[in-house]
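Just so it is clear: chains get the letters A, B, ... in the order the sequence lines come, proteins before strands, and each one is counted from 1.
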Number of protein chains: 2
Amino acid sequence: MHANVKQNVVPLITSGLKVACSQCNLRELCLPLGLSEQDMGRLDSLIGGGRKLKRGHHLYRAGDPFESIFAVKAGFFKTDVLTEDGRDQVTGFQMAGEILGMDGISTETHTCNAVALEDSEVCLIPFTELEMLSSEIRSLQHHLHKVMSREIVRDHGVMMLLGTMRAEERLAAFLLNLSQRFSARGYSPAEFHLRMTREEIGSYLGLKLETVSRAFSRFQDEGLISVQQKHIRILDIPRLKVLLTPADGRIG
Amino acid sequence: MHANVKQNVVPLITSGLKVACSQCNLRELCLPLGLSEQDMGRLDSLIGGGRKLKRGHHLYRAGDPFESIFAVKAGFFKTDVLTEDGRDQVTGFQMAGEILGMDGISTETHTCNAVALEDSEVCLIPFTELEMLSSEIRSLQHHLHKVMSREIVRDHGVMMLLGTMRAEERLAAFLLNLSQRFSARGYSPAEFHLRMTREEIGSYLGLKLETVSRAFSRFQDEGLISVQQKHIRILDIPRLKVLLTPADGRIG
DNA sequence: TAGTTGCATTGACAAATATCAAAGGGGCGC
DNA sequence: GCGCCCCTTTGATATTTGTCAATGCAACTA
């Protein structure tokens with residue numbers, strides 16, 4: 001009961017440990033389009049193979065020396081930042097095809113923790129080598145820049161969420177985002193298992209776990225979703241989207 | 001009375017419009033260290049010269065096609081994201097030596113607005129050319145990656161602020177951040193002019209302008225700062241820092 | 001299968017922040 | 001130099017979210 005309902009024919013979860021990029025089902029998510037066979041081969045030899053992580057284990061921790069970025073091959077991660085004064089902020093949840101670790105480039109040290117929320121597998125991408133190769137393959141270089149830029153844009157979206165939305169809006173945005181990402185990976189957009197606790201959702205959304213729980217309950221009472229612990233079924237996507245539109249038309 | 005109190009001998013604000021990077025006072029902030037004279041020359045010929053903006057004018061708008069990133073040569077900017085449903089979130093304030101526009105790389109379109117909050121000047125850095133040159137100059141390539149990564153890390157800091165801090169903590173963090181950045185540019189860390197309104201501060205910090213104003217007043221009542229409209233003088237940096245430590249030692 | 005443990009839900013109450021409203025101050029344009 | 005407009009401050013009140021506490025549920029272990 002842990003796997004999501006599969007809608008698509010393409011199997012996206014691979015099991016082998018050393019799968020070449022050229023053979024990987026996630027390559028449309030990870031890689032630039034239109035790489036020549038030769039370039040693809042050079043990329044294959046760069047990737048340091050896979051690494052499996054059991055649920056709860058760290059992929060890296062804040063303070064670890066930065067050497068690689070990681071592509072999620074299968075599973076589910078969270079990243080969080082911990083400050084000396086004890087604050088803890090979940091900065092993101094990552095699923096198959098998404099890239100982890102780019103925060104470490106600037107200081108040569110990882111600045112956040114990455115934890116597997118279920119048994120997971122990643123590709124190791126040694127960064128120095130990636131830079132060398134990308135200076136030779138223009139489309140790869142540009143793709144790397146796009147991936148980093150996308151992370152910046154994503155972060156701006158989270159700021160918008162944290163800065164302007166109230167609790168129910170935040171949760172609606174969160175659910176719709178997950179729905180869309182599962183959908184893009186061939187899973188049901190309407191039915192999925194949350195891999196994270198209410199507390200982790202709360203940390204990500206800037207809310208206390210009780211507030212998250214209450215918002216879930218209210219959504220259920222209103223017939224928007226059905227919740228059973230971590231099992232979510234979205235019953236009314238359009239109305240969830242309407243929730244994101246502030247009641248008073250702030251436009252104009 | 002609009003200029004900040006200068007402490008340092010090095011004049012950081014340039015006035016000429018076309019200043020070569022090699023001659024620019026900001027090069028330690030903008031550029032990688034240890035560029036050869038030859039490479040510096042190639043970079044100089046890449047930079048599309050400066051552009052001046054009057055206060056209130058847009059450097060770019062969300063939706064504009066992405067062609068360049070920008071280095072702030074002088075002045076002060078804000079960036080903000082506007083959604084269809086009318087939400088408005090200030091995502092950052094940028095000062096001399098900082099880079100603007102990297103959000104546009106991923107979609108080839110700017111995703112936020114950049115507005116000059118005072119008369120300002122930027123360097124135009126055509127991005128395609130920058131990518132070409134950086135594939136030939138390794139330290140330049142790596143520097144670009146660092147700058148983008150730094151932006152990601154900065155965004156995580158804002159998420160932490162928005163997700164875990166209460167109003168006064170947010171404002172204290174904001175003031176200390178400005179103080180530190182002014183200081184790094186040779187200005188007084190203790191006395192400066194805010195270029196933005198209370199509403200813009202509030203948007204950045206996820207607060208209403210009245211809450212910002214009240215927090216300023218309370219800081220003043222407690223002798224932490226002195227406020228006169230946009231003129232700020234920080235009287236007690238250590239105690240401001242203590243404010244950032246949650247009262248209950250959440251550690252352990 | 002019973003017991004343990006962690007996670008989730010719910011209620012009552014407290015605290016923080018937003019909202020609404022009014023008035024004061026300063027800078028900019030004329 | 002004057003006046004207007006925008007920004008800021010402050011107060012009273014409403015709303016939202018957090019806090020504390022108790023109970024429930026479900027999965028894992030022994």
Worksheet item: Taking NZ, NE, NH1 and NH2 as the nitrogens, is one of them in B:R51 or B:E121 under 4.0 Å from a carboxylate oxygen of the other?
Response: no

Discussion item. From NE2 of A:H231 over to P of C:dA8, roughly how many Å is that when rounded to an integer?
Written reply: 15 Å

Discussion item. With a 4.0 Å cutoff (strictly under), does any side-chain N or O of B:R198 reach OP1 or OP2 of D:dC7?
Written reply: no

Worksheet item: Using a distance-only test with no angle check, is there a side-chain donor-acceptor pair under 3.5 angstrom linking B:D85 and A:T245?
Response: no

Fill in: Spacing of A:L194 atom CG relative to D:dA26 atom P, expressed in whole Å
16 Å

Worksheet entry | Check: B:T79/B:Q94 side-chain N/O donor and acceptor closer than 3.5 Å | yes

Discussion item. Among residues 211-228 of chain A, which ones have heavy-atom contacts with DNA chain D below 4.0 Å?
Written reply: A:T211, A:R214

Discussion item. Could you tell me how far apart A:I201 (CD1) and C:dA8 (P) are, to the nearest whole angstrom?
Written reply: 7 Å

Worksheet entry | Given C:dG26, D:dA21, C:dT17, the nucleotide with the shortest approach to the side chain of A:E210 | D:dA21

Discussion item. Is the phosphate of D:dA26 approached by A:K230 (side-chain N or O, under 4.0 Å from OP1 or OP2)?
Written reply: no

Fill in: Rounded distance (Å) that lies between atom P of C:dG6 and atom CD of A:Q229
16 Å

Practice prompt. Answer yes when A:R181 and A:E98 have at least one side-chain N-carboxylate O distance shorter than 4.0 Å, and no when they do not.
Written response: yes

Worksheet item: With no hydrogens and no angle check, do the side chains of A:E191 and A:H231 hold a donor and an acceptor under 3.5 Å apart?
Response: yes

Worksheet item: Which is true for A:G202 with a 4.0 Å heavy-atom rule: it touches a base, it touches only sugar-phosphate, or it touches nothing?
Response: nothing

Worksheet item: Can B:D119 and B:R55 be counted as an ion pair, charged N to O under 4.0 angstrom?
Response: no

Practice prompt. Return the value, rounded to whole Å, for the distance between atom CZ of A:R55 and atom C1' of D:dC28.
Written response: 11 Å

Worksheet item: To 10°, what angle do the rotation axes through the five end pairs on each side of the helix from C:dT1-D:dA30 to C:dC30-D:dG1 form?
Response: 50°

Practice prompt. Could you tell me the separation between the CG atom of A:L205 and the P atom of D:dT16, rounded to a whole number of Å?
Written response: 18 Å

Worksheet item: Side chains of A:K78 and A:T91: closer than 4.5 Å at any heavy-atom pair?
Response: no

Worksheet item: Under 4.0 Å between a side-chain N or O of B:K208 and OP1 or OP2 of C:dC20?
Response: no

Item to complete: Take the protein atom CZ of B:R170 and the nucleotide atom C1' of C:dA18, then report the distance between them rounded to whole Å.
Response: 13 Å

Worksheet entry | B:R166 CZ - C:dA14 P separation (whole Å) | 17 Å

Worksheet entry | Contact nearer the 5' end of DNA chain D, comparing A:L207 with B:E199 | B:E199

Practice prompt. Output the distance between atom CZ (A:F77) and atom OH (A:Y60), rounded to the nearest 0.5 Å.
Written response: 9.0 Å

Worksheet item: With a 3.5 Å cut-off and no angle check, do the side chains of B:E118 and B:H193 form a donor-acceptor pair?
Response: no

Discussion item. Using 0.5 Å steps for rounding, measure from the OG1 atom of B:T211 to the CD atom of B:E168.
Written reply: 10.5 Å

Item to complete: Would you mind classifying the nucleic acid contact of B:L209 as base, sugar-phosphate or nothing, using non-hydrogen atoms under 4.0 angstrom?
Response: base

